[in-house]
Structure formats: C-alpha cells, structure tokens
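Beneath this line is the structure, given in structure tokens, with notes to follow.
Here is how names work: the chains are called A, B, and so on, in the same order as the sequence lines, proteins then strands, and each is numbered from 1. Computed from heavy atoms alone, side chains included, the values below leave out hydrogens, waters and symmetry copies. Keep in mind the model is a prediction, meaning the values are calculated, not measured.
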Protein chains: 2
Amino acid sequence: MPPVRTYHHGNLRVTLLAHAERVLAEGGELSLRELARRAGVSHAAPRRHFADKQQLLDELALDGFRRLGAHLSAALDEASYDERMLAWARAYVHFASEHRALLDLMFAGKHRSAAMSEAANQAFASAFALFQEGQATGAIIAGDLERIATPALATFHGLAELINAGMLRAEDLDVLVADATERLALGLRPRSVGG
Amino acid sequence: MPPVRTYHHGNLRVTLLAHAERVLAEGGELSLRELARRAGVSHAAPRRHFADKQQLLDELALDGFRRLGAHLSAALDEASYDERMLAWARAYVHFASEHRALLDLMFAGKHRSAAMSEAANQAFASAFALFQEGQATGAIIAGDLERIATPALATFHGLAELINAGMLRAEDLDVLVADATERLALGLRPRSVGG
DNA sequence: ACCTGAACACCGTTCAAGT
DNA sequence: ACCTGAACACCGTTCAAGT
C-alpha cells in the first residue's frame, strides 16, 4: 500500500500558517519542526516556503495587523456615533487580550517589513480618522493629528499590555477603558478662553 | 601548572546574573550555556544556583523593577514641584527604551512571584503617591486612586512599548510624553459646576 | 518545483561522578 | 557544598539526493 500522501500538494505554506495560528492560540511554543510534524511533512519542508523562522513569524504578525484592523473597523461600524471612541478602545483591548501571543509578535520587532508597516498603519487608520473627524466637528482640539492621537492610542495599548502582563485584573479592564476614554475626551476638549 | 581557578568560589550566582545583564544590554540571545561559558564554568554549573532558566530570568526582572523604582524616585526627587508628573513620565519612557530587553522580561509573564509583584508595586508606588497628593491638593479629581492613576500610567507604558516596538520615532518621544502629560492633567482636573 | 533524510551546531535539563 | 562531563531530547538551518 502506498502512503496516502507522500507529498503535500500546493498548500503547505497555508497549512503551516494555519497550524502556527493554532499553536499561538493554544499558548504553545512555536517551532518550525513542530509545525512540520503537524502538517505531516519533514522538518526541512517548511524551508521551501519560508526562508527562516522569522519570516513565518512576520507573516503571522502581518496577518495579525490585518485582523486587528478589520476588528476595529467592525467595532466602529456597529457603534453609535457618540460612542465610537469607547467602542474602538474596547475592541482594541479585547483583541489584545484574546490574542496575547499574536500581539507580542506584532509589537515584538523594532524593524518591520514594508508590508507589515503598511498593515500596522492601516490597522490604526480608522482611529486616526476618528480623531480627525473630532477635530473637524470641534470636539477635539486642533493641532497635529499624530501628536494628538498617538498619546491617546498609547493609553489603550498600554492598558492592553498591562492586562497581558498580568498587572491588571481582567475584571477591571472594562471600567478602566471606560474611565480612560472619558478622561481622554475631557483632556482633548478645546477650552473656552480663560477656561 | 594547575588551572588558575577550577572552581568558582562563592559568587557564581552573582557572576551569572552580571553576565546576563550584559548580554541583555548587548541585545544578544540569553542562553544558560553562554552565561556559563562567560563565567568560565561548565554548562551544568548554573543549575546549582538557578533551578531553571526561567528562575534566572525572573531574578533579572525582579532586579529590573527595583532599578526602575529607584530611577523613578530619583527623577521625582530632582524635579521641581510642578513638573514631577512630567519628570516621572520622562524617566519611565527613557528607562524603558534604554532597557528594552529587560522591560520585555519584566512585563513578559502573566504570573509573577510574590517578590516580583512586590517589587513591581514598589516601582509604581511613587507615581501613585503623586496622584494621591494631587487629589489631596485638589489638582486631581477625587475618586478611587487605582481607577484614576492606572489609565494615566498606562499611557506612558503604552508610549514606551510603542517606541520599543519601533512604531514611534525616537526623536518624537519627548514631545509626545510632554503632550500626553499635559492632556492627562487637563482630563484629570476637577471641573467647576457647569464646566 | 517540492520534499526527504542526514548532518551540524546549537539549546535546556538531568544525573552520576568527582573535589 | 559545588562543579564536571556525558547523555538525552529538543531546536533552526543546510544540503545533497530523491520524485
């Protein structure tokens, strides 16, 4: 009897990435040899599709930014007009804490490929648009968009990192996010003269 | 001629930690075998002082929190009364970006030993005290201290993580920290009735 | 074009044995 | 009490060889 499938036809690359996502979600250690085993190929086979381990990790991170972007956009679409900032923030920290290992990969390296930088920018684009719109309607102070939005987004990224680091109680997260959103809105509000 | 020192008398534990700090600072990969090589002992020798690799990493993180705490306290001591929040924030992000690998270790695990949790709390204690004092003088709104301070500290932690992830330009950091500090102060300010 | 199998240079961890 | 040296079970990466 010949083996059912000696060669992995056509989709080993996709199969490996899928197994990698699962290992990440399971919280397991990611090794190329383990992924090869799960795919039923030799340990040297992944080399045909990824030059090295880092390249596979980069693909995972790239996909992570795309998923994050889609998740955030969806949250904004569902939210009522006045609560979009809160909805964005909630979506961000929940994505982060539900994809802890993936988030680590996404924010791990100091250097990113062009594709990954682009995906990262895209992921944050909806939030920047929200701030820009806030400026247009006068809800948010005028000024350089990057300077205004970045510290605010850093707040939620920081909360996400702290929860993943185990330094915040998970049950406190929602109230902290809500508080942060409220404080930020106040801090970003234009002040009347003399105010 | 006998070997100068076959046995490492007394301080191998300290020696290993010192080499580990140096490897971290150099941005190199931390392996027990490499540390043993640097210390001039066999690869099995570290086992006498650290049950496993994680235990050594935990000691590094513990020391990291102690150094961070000292660094933040020193920054507060040097700052003028009105600029302590800004001084704290600057000190935090600078420590983080100057000790990138160490910070990753400190905030890596979801679970911390009692000693490490204690050191982490101590590191942040001076900032909490600052907020508490702000509440006492009326510069900061009343309410649960944790709920008020955490989102603010998360902002700076977030900025630190983003800079270490290469998502912010290092030359923009100081202005972002200053902006964030100003916005937070405004958002945390008590509002007069009707304000 | 894609995969295998052996090989190489690393790991962390264990353990009997040395001093 | 502390360290060594061999051993074991893993890695990532390379490369000649197979189909």
Side-chain angles (χ1 to χ4, degrees), chain A residues 1-24 26-62 101-102 104-105 108-111 113, chain B residues 1-62 101-102 104-105 108-109 111 113:
Chain A
M1 252 172 31
V4 176
R5 195 181 49 178
T6 314
Y7 274 36
H8 204 285
H9 285 300
N11 58 347
L12 178 55
R13 177 191 179 81
V14 170
T15 304
L16 288 169
L17 286 170
H19 282 294
E21 303 260 18
R22 202 173 314 168
V23 171
L24 272 190
E26 289 165 359
E29 284 298 302
L30 237 177
S31 95
L32 285 181
R33 290 176 100 112
E34 170 64 18
L35 295 181
R37 253 176 255 127
R38 292 193 183 209
V41 295
S42 83
H43 64 263
R47 187 70 207 291
R48 286 284 125 200
H49 304 279
F50 304 97
D52 55 20
K53 185 180 181 180
Q54 190 56 51
Q55 197 163 308
L56 183 137
L57 298 181
D58 285 350
E59 301 263 10
L60 290 175
L62 174 63
L102 181 59
D104 284 348
L105 278 185
K110 236 179 143 50
H111 303 294
S113 69
Chain B
M1 252 176 27
V4 176
R5 196 180 49 178
T6 314
Y7 274 36
H8 204 285
H9 285 303
N11 59 347
L12 178 54
R13 177 191 179 80
V14 169
T15 304
L16 288 170
L17 286 170
H19 282 295
E21 304 260 19
R22 202 174 314 168
V23 172
L24 272 190
E26 289 165 1
E29 283 297 302
L30 237 177
S31 94
L32 285 180
R33 291 175 100 113
E34 171 64 18
L35 296 181
R37 253 176 254 125
R38 292 193 183 208
V41 294
S42 84
H43 65 262
R47 188 71 207 290
R48 286 284 125 201
H49 304 279
F50 304 97
D52 55 22
K53 186 180 182 180
Q54 190 56 52
Q55 197 164 307
L56 182 137
L57 297 181
D58 285 350
E59 300 263 11
L60 290 175
L62 174 63
L102 181 58
D104 284 349
L105 278 185
H111 303 295
S113 68

- Closest to side chain of A:K53, choosing from C:dT13, C:dT14, D:dG12: D:dG12

Pull out every protein N or O sitting under 3.5 Å from an N or O of nucleotides 7-10 of chain D, one pair per line with the distance.
from	atom 1	to	atom 2	distance (Å)
D:dA7	N6	B:H43	NE2	3.4

- Stem ranges of DNA chain D by first residue number, counting only runs of at least 3 Watson-Crick or G-U pairs under 3.5 Å, come to C:4-8 with D:12-16, C:12-16 with D:4-8

- With respect to the side chain of A:A45, which nucleotide from D:dT13, C:dC3, D:dC15 is positioned closest? C:dC3

- Quick one: closest heavy-atom pair of B:L16 and B:A36, and the distance? CD2-N, 4.1 Å

- Protein-nucleotide distance (A:E34, atom CD; D:dG12, atom C1'), rounded to Å: 14 Å

- Looking only at D:dT4, D:dC2, C:dG12, the nucleotide nearest the B:L32 side chain is C:dG12

- Side-chain ion pair, A:R38 and A:E34, N-O less than 4.0 Å: yes

- Please state how far atom NE2 in B:H49 lies from atom P in C:dT13, giving the value in whole angstrom units. 16 Å

- Task: Step by step, work out the side chain to side chain contact (heavy atoms under 4.5 Å, CB included) result for A:R48 and A:L12.
- Result: CA-CA 9 Å; A:R48 286 284 125 200; A:L12 178 55; over 6 Å; no

- Note on the structure: Here the distance between atom P of D:dC2 and atom CZ of B:F50, to the nearest Å, is 13 Å

- Please state how far atom CG in B:L57 lies from atom C1' in C:dG12, giving the value in whole angstrom units. 12 Å

- Item | Nearest to side-chain heavy atoms of B:S42, which nucleotide of C:dC3, C:dG5, D:dC3 | D:dC3

- Distance in angstrom units between A:R47 CZ and D:dT13 P, rounded: 8 Å

- Message: I'd like to know if the side chain of B:R37 and the backbone of B:V41 have a donor-acceptor N/O pair within less than 3.5 Å.
- Response: no

